[in-house]
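Scroll down for the structure; my scribbles are underneath it.
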Amino acid sequence: MPEGDTVYRSARSLDDALHGATLTHCDIRVPAFATVDLTGQTVHEVISRGKHLVAHVGETSIHSHLKMEGTWHLYRHGTKWQRPAFQARIVLETADWVAVGFELGTLELFPTPEDEQHLGYLGPDLLGPNWDAAEAVRRLRAAADSAAGDSTAEDTAAGDRPVAVALGDQRNLAGLGNVYVNELCFLRGLLPTRPIAEVTDVAGLVALAHRLITANRDRSERTTTGNLRRGARTFVYGRERQPCRRCGTSIRSGRLGRSELEQRVTYWCPRCQT
């Protein structure tokens, strides 16, 4: 699933192309909104909020979430699309550009004044203009009071939400996906299953999350190691059974989530993380 930095770049590219332009064509290929036509409306802005993308067009908000397969493309008129037309969920055209949202996991429209009603549950946006580190820390500490029903078999401290689950919960801070969650746990020496209540330096964890995602927001190749070479960009993520880059111990993997339906793959070094 695309993480906050990927969505940030998508929103910025769309905003660069569409900001201030008038829609000359609008085709929404989702049954619930298929009759909506925003042709003639002005694109005021395209922004990201965590892993969500919102386009403000006229007095309407177009809200999308990429989920696993979604992506937004920009084309010049007459240019062949890189994905099949049947995957397109929305097509927005201006005099200069064609913006196409393919296989969007979520696509909905609502009046712009209702933005907070739909997205207000999100925690502080790591890449937002109003990033609030103190609020993110507060929410993560509050997550320590979560009920034991949110834990899984890997959560060895029933009643305390694992740090990996707390970091990935968009209600605490918005923008982190599974890559960043696993890498942050490694960099801070924390097992993904460590209860968030036992993390002594939550502020340091949040500060590192902000530094990492900010450092990657302007490049398409994400790295947490500082090395952009293929195969060397992460410490633990995607590296099961490979040697730890610090101590040489074999990286392990498991699954963790708030529920059985929200399980994510976790990676850790059994020696460097406790």
Side-chain angles (χ1 to χ4, degrees), residues 3-5 8 50-51 121-148 150-152 154-217 222-227 233-239 244-249 251-258 262 264-274:
E3 312 216 1
D5 50 358
Y8 173 90
K51 295 192 283 185
Y121 71 94
L122 294 171
D125 182 356
L126 282 153
L127 293 176
N130 299 315
W131 162 242
D132 188 342
E135 176 61 14
V137 170
R138 186 195 69 78
R139 293 189 182 209
L140 282 170
R141 285 177 174 155
D145 298 327
S146 296
D150 283 341
S151 62
T152 69
E154 285 192 41
D155 182 5
T156 57
D160 290 291
R161 180 165 294 185
V163 60
V165 174
L167 286 172
D169 189 335
Q170 302 302 294
R171 296 170 298 181
N172 294 329
L173 64 171
L176 297 181
N178 210 30
V179 177
Y180 280 118
V181 166
N182 280 275
E183 294 295 285
L184 282 165
C185 286
F186 174 81
L187 289 167
R188 299 298 293 185
L190 303 169
L191 280 173
T193 52
R194 171 83 75 88
I196 187 67
E198 295 181 9
V199 177
T200 57
D201 188 8
V202 175
L205 181 62
V206 167
L208 180 58
H210 186 243
R211 287 202 306 274
L212 275 183
I213 198 168
T214 299
N216 282 292
R217 70 180 182 182
R222 180 186 302 120
T223 178
T224 56
T225 64
N227 192 332
R233 297 171 189 155
T234 62
F235 284 103
V236 292
Y237 184 84
R239 301 191 64 245
C244 174
R245 299 193 192 281
R246 284 181 176 170
C247 71
T249 302
I251 299 298
R252 298 178 62 184
S253 72
R255 298 187 71 83
L256 195 64
R258 288 192 302 166
E262 296 184 19
R264 299 289 183 268
V265 180
T266 56
Y267 301 90
W268 71 92
C269 170
R271 181 173 181 181
C272 294
Q273 295 170 253
T274 59

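As the structure is a prediction and not an experimental result, all values here were calculated from the model.
With sequence neighbours left out, Arg188 forms a side chain to side chain donor-acceptor pair (under 3.5 Å) with Asp201. Applying the side chain to side chain contact (heavy atoms under 4.5 Å, CB included) rule to Ala209 yields the partners Leu126, Leu176, Leu184; only residues at least two apart in sequence or on another chain are considered.
Separation of atoms CZ (Arg258) and CG (Asp169) is listed at 4.5 Å; rounding is to 0.5 Å. The line from CG of Leu140 to CG of Asn172 is 4.5 Å long, rounded to the nearest 0.5 Å. Between the CG atom in Asn130 and the CD atom in Glu135 there is a gap of 12.5 Å [rounded to 0.5 Å]. A distance of 9.5 Å separates CG in Asn182 from CH2 in Trp268, rounded to the nearest 0.5 Å. Annotation: the span from Leu212 atom CG to Leu187 atom CG amounts to 6.0 Å, rounded to 0.5 Å. Taking CG of Asp125 as the reference point, atom NE2 of His210 lies at 9.0 Å (rounded to 0.5 Å).
What you find for Ala136 and Val206 is that their closest heavy atoms are CB-CG1, 4.1 Å. Across every non-hydrogen atom of Val236 and Cys269, the tightest pair is CG1-N, 4.3 Å. Across every non-hydrogen atom of Cys272 and Cys247, the tightest pair is SG-SG, 3.7 Å. Between Leu122 and Arg139, the closest heavy-atom pair is O-NH1, 3.7 Å. When all heavy atoms are compared, the tightest approach of Cys185 to Pro192 is SG-CA, 4.1 Å. Contact detail for Ala197 and Asp160: the closest heavy-atom pair is CB-OD1, 3.4 Å.
For the pair Glu3 and Val179, the minimum side-chain heavy-atom distance is below 4.5 Å. Looking at Thr234 and Arg239, their side chains come closer than 4.5 Å, going by heavy atoms from C-beta outward. Contact annotation: the side chain of Val199 approaches that of Arg194 to within less than 4.5 Å [non-hydrogen atoms, C-beta and beyond]. Leu205 places none of its side-chain heavy atoms less than 4.5 Å from the side chain of Leu208. Under the 4.5 Å side-chain criterion, counting only non-hydrogen atoms from C-beta, Ile213 is in contact with Tyr180.
Remark: the backbone N or O of Pro124 is not paired with any side-chain donor or acceptor of Asp132 at under 3.5 angstrom. Here the side chain of Gln170 pairs a donor or acceptor atom with the backbone of Gly168 at under 3.5 angstrom. Asn216 places a side-chain N or O within donor-acceptor distance of the main-chain N or O of Thr223, the cut-off being under 3.5 Å.
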**OP:** Check the pair Thr225, Arg245 against side chain to side chain contact (heavy atoms under 4.5 Å, CB included), reporting the backbone distance first and the verdict last.
**Re:** CA-CA 10 Å; Thr225 64; Arg245 299 193 192 281; 4.2 Å; yes
**OP:** Output, in order, the C-alpha distance, side-chain angles, deciding distance and verdict of side chain to side chain contact (heavy atoms under 4.5 Å, CB included) for Leu127 and Thr214.
**Re:** CA-CA 7 Å; Leu127 293 176; Thr214 299; 3.8 Å; yes
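Test Lys51, Arg222, Arg217 against Asp5 for salt bridge (Lys or Arg N to Asp or Glu O under 4.0 Å) and you get one pass: Arg222.
Both the sub-6.0 Å distance and the 45° axial angle are satisfied by Arg246 relative to the ring of Phe235.
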